[in-house]
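A short worksheet on the structure shown next.
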Amino acid sequence: MAYYGKCIDVVIEQLDKFKPEKDSPDQFLEAASSSLQALSPRKQAFVMEVLSGCLEYWKLLTIVVDAFYVRDGRLCLWADYSLFQVLCYLATFQLDELGFQLFCSIIKSQPTRKTCKFLRFFFNPLNLCSWIKDEWSLVYETAHVKENWINPLMRWQPEIQELLDQLEGVSSSQTAIFKTKAKVTEPKEFNLTTPRPRAIPVPEPVPSMAKPRQVPRSTYQEPKEQQQLQIIKRHNRLKAEELLLRANVEELRCAMPRAHRAPPEQDSKKKLGCATHIQKSPKLTFYRPDNIPIKLNTAAILREGALYQKQVEKELQRVDKLVDGAGDFSEFLEWQKKMQAKDQEEQLAAGECRRLQGKLSHEEAILARQNLIQENKQKADQKKEETAELMLQCAERRLREAKSMKELVEQVTEAQKNVKVAQMKLVKGRRQIVQEVMEESREMLQRSSEAAREEQRRRCELISQLRALETQPTRKGKLVDLTQIPGYGVEGEMSVVELRERLALLRDTQRREEEEKRDQIIQDKRTKSQELLNTLEQISLCRKAMGKTAAMRWEQKKAQAVTGAASQDERVLELQRRIQERVAERSRQGAPPAPPPALC
């Protein structure tokens with residue numbers, strides 16, 4: 001008993017290490033045989049035979065052991081999983097070879113309580129002839145399962161039953177000695193109401209999506225009302241610009257400060273000329289430099305309108321002061337223009353110096369580059385001579401290597417001719433085996449799919465029948481008169497019908513109040529939007545006038561910049577002289593002239 005107990009313990013230890021998801025059986029058996037070299041040859045042969053059988057019939061053993069843990073072995077430890085697999089394998093595949101006596105000794109070497117519980121579950125005729133047979137038939141053929149495994153187990157069932165009764169009697173006599181005389185508490189089940197079985201839902205078909213409607217073309221078109229408003233707005237803006245231009249041209253003379261006072265005759269001539277120009281061109285067209293729309297919020301519009309309003313008030317105050325006899329800033333403006341012209345001349349001279357310095361550095365860089373090119377040419381000639389010698393040496397070495405490679409290729413091709421014939425035979429045999437296995441698996445899948453469809457159809461019929469029984473009308477409760485008052489004596493008591501009427505009246509009043517509030521809000525929004533539109537028109541007019549004044553100032557500055565010229569100081573003359581010297585030196589060396597760099 002101790003001999004076989006040790007062998008079974010070794011097998012259980014090896015099975016605990018096996019993981020079917022990661023390890024392959026062949027590699028695992030090789031590793032196990034190498035680790036069991038310390039055992040005797042007899043023990044090693046027995047252990048390897050049991051271990052290889054357990055791995056070969058792993059699926060059949062897991063079906064039985066998993067069912068045992070679900071049904072009768074709920075309180076057993078999962079650490080004994082490999083023990084139950086070994087017992088199942090010995091009872092199913094090795095009982096005839098080992099014999100009943102040797103099998104009994106193996107059973108007695110293991111824990112009695114666990115082995116008895118598992119063998120009683122496994123050798124139960126109901127389990128063997130029903131679900132065990134059906135589950136094994138899914139893996140192997142039914143006739144093979146019945147003849148080679150189920151029938152031998154049924155023949156050994158009476159003897160195994162006697163052995164289990166004998167072992168349980170011995171264990172019960174041993175445990176009776178240790179039992180105390182105290183009265184054992186017997187638990188009783190709770191008398192709970194059985195819950196109502198849950199209704200089985202009918203499988204709903206997959207809904208088909210309705211074809212959506214096409215987007216109408218009017219979604220991408222601007223409405224006619226908006227186009228008409230844009231046309232009216234553009235017409236009003238042109239009118240306002242024309243009025244603003246006339247107001248700027250016909251401005252009072254006292255409101256226009258100038259540096260040099262012109263005689264009154266010239267002023268009158270200018271006014272007449274402007275008046276005649278306005279009379280000759282009654283229709284004016286304006287072209288904006290950019291038509292980029294700027295979206296402003298309410299706060300920005302009001303802020304900008306207030307700013308322009310303050311500017312208008314300041315201008316009016318200035319005009320009033322001039323009318324009252326305030327002084328003019330013509331002398332200060334003349335001095336300021338002189339100083340600005342002087343600063344501009346200095347800036348132009350400094351810019352000319354920077355440009356000439358850049359040109360001088362460019363000429364010096366050209367000379368340095370010419371010297372560098374000559375040095376590089378000399379180095380390149382030396383490098384070419386060295387590379388030519390190296391290329392000759394490489395060519396000789398490649399010829400020797402090519403000859404050696406040809407000899408090696410001839411030797412390898414002769415050796416591969418015999419290997420290819422054997423490989424072709426092996427591939428053909430494997431292809432035939434794969435085709436046979438695929439045909440068998442295809443037939444098994446067809447049978448299983450047909451059985452699943454039949455089972456699904458039967459379940460759907462049962463569910464539809466149960467739903468039909470549940471949906472039968474049942475009359476429950478009693479009739480209620482909604483027009484009757486309950487009569488509890490409460491103040492303001494009324495019937496359900498009266499309550500509904502009063503609630504309907506209350507909803508109507510609330511709806512009317514909401515509509516009135518909504519109309520008031522819409523009216524307020526319209527007034528605010530109209531005010532904002534007026535301020536926007538005013539802002540656009542002010543912006544237009546400011547843009548025109550800025551353009552006039554820019555034209556004046558541009559004309560002054562064109563008429564003025566940079567003064568020729570000593571620094572500029574010195575730089576020009578140095579540049580001429582560098583150009584003459586470069587021309588003496590005979591190099592082609594390079595394009596000057598772009599200087600700011």
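Numbering of residues begins at 1 and proceeds along the displayed sequence. Scope of the values below: all heavy atoms of this structure, side chains included, with no hydrogens, waters or symmetry mates.
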Exercise. For E455, look at atom CD and say whether over 12 heavy atoms of other residues, nucleotides or ligands are found less than 6.0 Å away.
Key: yes
Inspect the surroundings of CD in Q510 and state if more than 12 heavy atoms from other residues, nucleotides or ligands are less than 6.0 Å away. yes
Original post:
Checking D72 side chain against F68 main chain: does a donor-acceptor pair fall under 3.5 Å?
Top reply: no
Discussion item. Main chain of F122, side chain of N127: is a donor-acceptor contact present, judged purely on distance under 3.5 Å?
Written reply: no
### Query
Are the aromatic rings of W149 and Y140 close, with centres under 6.0 Å apart?
yes
- Query: So, E407 and K403, do they make that salt bridge, N to O below 4.0 Å?
  - Reply: no
Examine the side chains of E493 and Y488 and answer whether a donor and an acceptor come within less than 3.5 Å of each other. no
- Query: Which is it for R457 and E461 under the salt bridge (charged side-chain N to carboxylate O under 4.0 Å, His left out) test, yes or no, and what are the steps along the way?
  - Reply: CA-CA 6 Å; R457 186 184 61 76; E461 290 178 357; 2.7 Å; yes
query = Is the backbone of L77 close enough, under 3.5 Å, to the side chain of Y69 for a donor and an acceptor to pair up by distance?
reply = yes
So F100 and L163, do their side chains get closer than 4.5 Å, heavy atoms only? yes
Review point. Do side-chain atoms of R502 reach the backbone of E498 as a donor and acceptor pair under 3.5 angstrom?
Key: no
Please confirm whether the ring centroid of F103 lies under 6.0 Å from the ring centroid of W156.
no
Please check: side-chain N/O of T92 versus main-chain N/O of Y89, any donor-acceptor pairing under 3.5 Å?
no
Original post:
Is it true that atom CG of L75 has more than 12 heavy atoms of other residues, nucleotides or ligands lying nearer than 6.0 Å?
Top reply: no
P25 and L55 have their tightest heavy-atom pair at O-CD1, 4.2 Å
Here the pair of heavy atoms bringing I485 nearest to S495 is CG1-N, 4.1 Å
When every non-hydrogen atom of L15 is compared with those of L51, the smallest separation belongs to CD2-CD1, 3.6 Å
